[in-house]
Amino acid sequence: MAHLPTSLSAALLQQHYIAPAAGFKNTNFRQKQILKQLKKRQKPQDVLLDALPLSLAQKRGLLPSPKQTSSSEWESIKQRALLRLEPCAICQQHFYRPKQVLLSCSHMFHRSCIENYEKYVHGRKCPMCRCTNYEKRLTSDGYELVRLKSAIKIQKIWRGFRTRKTLVPLLESRVPNDPQLRQKYYVKKIGQCTDQLQDSVRKSKREIELLFSQMDLELNKSRQAIDQLEQQRPQELTQEWQNILSKARSRQLECPICLCGLKDQVALTSCGHLYHSQCLNSFERAGTQCPLCRQEYDKQTVYL
């Protein structure tokens, strides 16, 4: 009875006892699927591509055949190659794909690289040591080792990141016991407090400057509004204009242009007539003479 791996034995026993009880049919198909998945996970076996080439005399038996490399020797060669694992000397690329060629001189290359190299030099010659009598063996140990190193490097980077993320804040929050480290810790904390205080002062200073700028803007708007009111405010009438106004109010109660009552802001002419300011301004577009007496006039804005 052949010895089976533990994982394969467990899967087959589970299939044998559990599948009939659960009512599964076609157990052979399920068994083939399990075997196929396990074979995919198993490490591929090394394959001897070709042995040492024999001369015609060796093939005829005139000379003894060269000694073939044994399995134990292949293991030691493989260990030496893996210890100094380097990129392929021909293409300078790592073994990111399976199926590399291991030579009996303990040098490893991509299969396509060494085959193309042998075609180029028209014979067998190791690109590294120039050895001509070597055997070739197809293996995937270089690919597995590169894959393992890549996984270790990824795990190292990830664990370092997780450690720095969790440990650094914890160390920064604890007061060390060593006097020198404690002094550095307090100096750093004081510097952080000083920086925070400076930031808050700068922020408050910016806020105060913004407040003052807004106040200046509002004051400018207020001055502009006051200046406009001062411009609109009527000037004080002289005694002559007051006499003209009193005579005009005694004999005129409505605007001669629109025939509406006079109130609030009106225009007083030097000839003694009262008009609405808008009516008189509109009439002045046609001429500068008084609408009633046809005389040239000066005018003043008054409030009734």
Side-chain angles (χ1 to χ4, degrees), residues 2-11 32-55 65-169 171:
H3 179 70
L4 296 176
T6 307
S7 59
L8 179 60
S9 302
K32 290 179 181 179
Q33 284 186 338
I34 295 174
L35 288 172
K36 189 180 293 185
Q37 293 176 2
L38 291 174
K39 285 180 181 179
K40 288 182 180 179
R41 297 178 185 176
Q42 289 177 358
K43 182 180 177 181
Q45 297 291 333
D46 295 347
V47 179
L48 183 64
L49 290 180
D50 52 358
L52 291 174
L54 301 178
S55 63
S65 300
K67 182 181 178 182
Q68 302 293 332
T69 307
S70 61
S71 59
S72 60
E73 291 175 345
W74 273 116
E75 288 297 327
S76 61
I77 291 171
K78 185 188 298 184
Q79 293 299 326
R80 291 202 307 270
L82 294 178
L83 283 175
R84 67 164 189 272
L85 183 64
E86 298 174 351
C88 176
I90 300 174
C91 65
Q92 294 298 320
Q93 296 291 329
H94 286 285
F95 302 108
Y96 292 123
R97 295 182 181 179
K99 296 183 181 180
Q100 300 87 43
V101 174
L102 177 64
L103 307 184
S104 57
C105 57
S106 73
H107 294 120
M108 191 178 293
F109 308 93
H110 291 119
R111 184 175 183 178
S112 58
C113 294
I114 191 64
E115 289 177 354
N116 293 330
Y117 180 79
E118 289 177 350
K119 290 179 183 179
Y120 178 75
V121 298
H122 304 289
R124 288 171 173 259
K125 185 180 289 186
C126 177
M128 297 291 292
C129 61
R130 299 295 187 264
C131 176
T132 55
N133 295 325
Y134 57 79
E135 298 180 43
K136 294 190 293 185
R137 195 178 183 92
L138 189 64
T139 181
S140 297
D141 291 326
Y143 164 73
E144 295 293 337
L145 186 58
V146 169
R147 188 179 178 185
L148 178 62
K149 287 185 177 180
S150 301
I152 292 173
K153 189 174 182 180
I154 294 171
Q155 291 178 356
K156 181 180 178 180
I157 294 172
W158 170 248
R159 289 173 181 171
F161 169 74
R162 293 289 298 176
T163 303
R164 288 190 298 271
K165 190 175 180 180
T166 56
L167 186 61
V168 171
L171 292 177

Here the gap from Lys78 atom NZ to Leu145 atom CG, rounded to the nearest 0.5 Å, amounts to 11.5 Å

Is any side-chain heavy atom of Ile90 closer than 4.5 Å to a side-chain heavy atom of His110? no

With a 4.5 Å heavy-atom cut-off, do Leu148 and Val146 have their side chains touching? no

Salt-bridge test for Arg124 and Glu135: reply yes if a basic N is under 4.0 Å from a carboxylate O, no otherwise. no

List the steps and the verdict of side chain to side chain contact (heavy atoms under 4.5 Å, CB included) for Val101 and Leu103. CA-CA 6 Å; Val101 174; Leu103 307 184; 3.9 Å; yes

Take Ser104 and Arg137, measure what side chain to side chain donor-acceptor pair (under 3.5 Å) needs, and give me the verdict at the end. CA-CA 8 Å; Ser104 57; Arg137 195 178 183 92; over 6 Å; no

If the threshold is 4.0 Å, N to carboxylate O, is there a salt bridge linking Glu115 and Lys119? no

With a 4.5 Å limit on heavy-atom distance, are the side chains of Cys129 and His107 in contact? yes

Of the non-hydrogen atoms in Ala81 and Leu102, which two are nearest, and what is the gap between them? CB-CD1, 3.7 Å

Do Met128 and Met108 have side chains that get closer than 4.5 Å, going by heavy atoms? no

Shortest non-hydrogen contact from Pro127 to Ile114? CD-CD1, 4.0 Å

When you compare the side chain of Cys88 with that of Gln93, does any pair of heavy atoms fall below 4.5 Å? no

Minimum heavy-atom separation for Tyr117 and Lys125, please, with both atom names. CE2-O, 3.0 Å

Indicate yes or no: at least one non-hydrogen side-chain atom of Arg80 is less than 4.5 angstrom from one of Leu83. no

Closest non-hydrogen atoms of Glu86 and Phe95, given as atom of the first, atom of the second and distance, are O-CE1, 3.3 Å

Taking CZ in Arg84 as the centre, count heavy atoms belonging to other residues, nucleotides or ligands within less than 6.0 Å. Is the count above 12? yes

Spatial distance of atom SG (Cys113) from atom CD (Gln100) [nearest 0.5 Å]: 10.5 Å

State the NZ-OG distance between Lys99 and Ser112, to the nearest 0.5 angstrom. 12.0 Å

Flag the pair Cys91 / Phe109 as yes when at least one side-chain heavy-atom distance between them is below 4.5 Å, and no otherwise. no

With a 4.5 Å limit on heavy-atom distance, are the side chains of Arg162 and Arg159 in contact? no

Look up atom NZ in Lys156 and atom CD1 in Ile154, then write down how far apart they are to the nearest 0.5 Å. 13.0 Å

